[in-house]
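These figures come from a predicted structure and were not determined experimentally.
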Number of protein chains: 2
Amino acid sequence: MTELDSGKRMQIAERLKEARKLAGLSQSHVAKMLGLHRPSISEMEAGNRRVSADELARLAETYDVSVAWLLGEAPETLDAQDPRLELAARELSKLKPDDLERLLKLLAAMRSDSTANGGNR
Amino acid sequence: MTELDSGKRMQIAERLKEARKLAGLSQSHVAKMLGLHRPSISEMEAGNRRVSADELARLAETYDVSVAWLLGEAPETLDAQDPRLELAARELSKLKPDDLERLLKLLAAMRSDSTANGGNR
DNA sequence: GTCTGATGTAAGATTATCTTACCACGTGTC
DNA sequence: GACACGTGGTAAGATAATCTTACATCAGAC
């Protein structure tokens, strides 16, 4: 919380404000919808107040935007560059939960095994 | 916070715990990464403590899952409703080609093992 | 048994949020 | 002009959360 997060909080604050305006809502209106007081909304958008995870979800819904965008993240769409990954994913989805668990543990083991390795991507 | 939010918070809590375990990290480890104390992580995962928006973003990054999933929301990219698939796919992308081959065969074996299976998706 | 690491939880100190209130600004209306 | 109204920013004490340290339990390794 030193001041590193404050940068992120500021960014979130800006997005919240922008999203609200795009939705054509006033702070009062939003406050009522979420069951909060108006000053809370004001402080959120000023970056002086933390936004909780559940509030974030409700805000995203209210403003009709994605939480990811509110958090200042990029669109991103998992890279399915390697066709084998797609194949693997398909296989994975066919596994039973228990099997998936085992596999994930195996993967974790592989990962901690080759610590110094330099992956690829 | 009457008790309506607590439902959502509980759901988030569960996802946080699951995501951490899938990432193969301990609470202590995560606490250090985020610059928090361990009890904070423990309480977050118990649903007794709110998670701020910026913490949520950092946790999602740390666990390699989407914030949307942590919030208990629907799928995003890929056919993965289960972030474990996404996680697994990411892990797979780090493997060497040979290892990937062997893994795929192992997957096939697992699948034919559990013939009586039934449910997927 | 003993040690270590992981996790849960308690209690006082600390800090953030809530609630109410007041302020300024802009827009109409009379 | 004065007036009311909606909007948004901010202050201050009461309230509620989190933080920090500590202790406790459980599982596994030696």
Side-chain angles (χ1 to χ4, degrees), chain A residues 1-59 62-63 65 70-71 101-102 104-106 108-109 111-113 115, chain B residues 1-60 62-64 70-71:
Chain A
M1 191 224 286
T2 56
E3 288 202 9
L4 306 172
D5 303 343
S6 67
K8 195 148 213 159
R9 190 160 60 225
M10 283 314 220
Q11 190 179 16
I12 295 170
E14 288 175 19
R15 296 265 167 135
L16 281 176
K17 187 162 198 166
E18 188 176 350
R20 179 178 56 81
K21 298 206 163 181
L22 288 173
L25 299 171
S26 73
Q27 292 183 351
S28 310
H29 205 172
V30 175
K32 268 184 195 163
M33 289 186 192
L34 303 207
L36 299 174
H37 290 255
R38 190 185 55 75
S40 298
I41 308 296
S42 180
E43 301 287 1
M44 277 181 199
E45 295 182 359
N48 300 126
R49 178 154 301 169
R50 287 161 32 131
V51 183
S52 74
D54 35 2
E55 285 167 348
L56 188 75
R58 300 238 284 148
L59 285 165
T62 302
Y63 297 154
V65 299
L70 284 182
L71 292 175
E101 288 299 340
R102 283 192 291 149
L104 286 168
K105 288 188 179 175
L106 195 142
R111 185 173 25 159
S112 46
D113 246 3
T115 36
Chain B
M1 161 216 308
T2 57
E3 287 201 7
L4 306 171
D5 303 344
S6 66
K8 195 150 212 158
R9 191 162 59 226
M10 282 314 220
Q11 190 179 16
I12 295 171
E14 287 175 20
R15 297 259 166 140
L16 281 175
K17 187 161 196 166
E18 187 176 351
R20 179 178 58 79
K21 296 205 164 181
L22 289 172
L25 298 171
S26 72
Q27 292 183 350
S28 311
H29 205 172
V30 175
K32 269 185 195 165
M33 288 186 193
L34 303 206
L36 299 174
H37 288 255
R38 189 185 56 74
S40 298
I41 308 295
S42 180
E43 300 288 359
M44 277 181 200
E45 296 182 359
N48 300 124
R49 182 150 298 173
R50 286 159 38 128
V51 183
S52 74
D54 36 359
E55 286 167 347
L56 187 75
R58 300 238 285 147
L59 285 165
T62 301
Y63 297 154
D64 233 340
L70 284 182
L71 292 175

Please confirm whether the shortest side-chain N or O distance from [X] to OP1 or OP2 of [N] is below 4.0 Å.
X        : N      : answer
Ser42(A) : dG9(D) : yes
Lys17(A) : dT7(D) : no
Gln27(A) : dG9(D) : yes
Arg20(B) : dT7(C) : yes

Round to the nearest Å and state the distance from [X] atom [atom1] to [N] atom [atom2].
X        : N       : atom1 : atom2 : value
Lys32(B) : dA6(C)  : NZ    : C1'   : 13 Å
Arg50(B) : dC19(D) : CZ    : P     : 11 Å
Asn48(A) : dG8(D)  : CG    : P     : 16 Å
Glu43(A) : dT10(D) : CD    : P     : 7 Å

Sugar-phosphate only, base, or nothing, as touched by Lys21(A) at under 4.0 Å among non-hydrogen atoms: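 No contact at all - Lys21(A) keeps every heavy atom at 4.0 Å or more from the nucleic acid.
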Sugar-phosphate, base or nothing in reach of Ser26(A), heavy atoms under 4.0 Å: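 It contacts sugar-phosphate atoms only.
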So which heavy atom on [X] is nearest to which on [Y], and how close?
X        : Y        : result
Ala57(A) : Lys8(B)  : CB-CE, 3.9 Å
Met33(B) : Arg58(B) : O-NH2, 3.8 Å
Thr62(A) : Leu25(A) : CG2-CD1, 3.9 Å
Ile12(B) : Ala53(A) : CD1-CB, 3.8 Å
Gln11(A) : Leu71(A) : OE1-O, 4.4 Å

Might you list the N or O atoms of the protein lying below 3.5 Å from N or O atoms in nucleotides 20-27 of chain D, with each pair's distance?
| residue | atom | partner | partner atom | Å |
| --- | --- | --- | --- | --- |
| dT20(D) | OP2 | His37(B) | NE2 | 2.7 |
| dT20(D) | O5' | His37(B) | NE2 | 3.3 |

Separation between NZ of Lys17(B) and OH of Tyr63(B), rounded to the nearest 0.5 Å: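 That separation rounds to 11.0 Å.
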Short side-chain to backbone donor-acceptor contact, Arg9(B) and Gly47(B), under 3.5 Å: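 Checked: pair present.
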Most 5' of Ala46(B) and Met44(A) on DNA chain C, judged by nearest nucleotide: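 Nearest-nucleotide comparison on DNA chain C picks Ala46(B).
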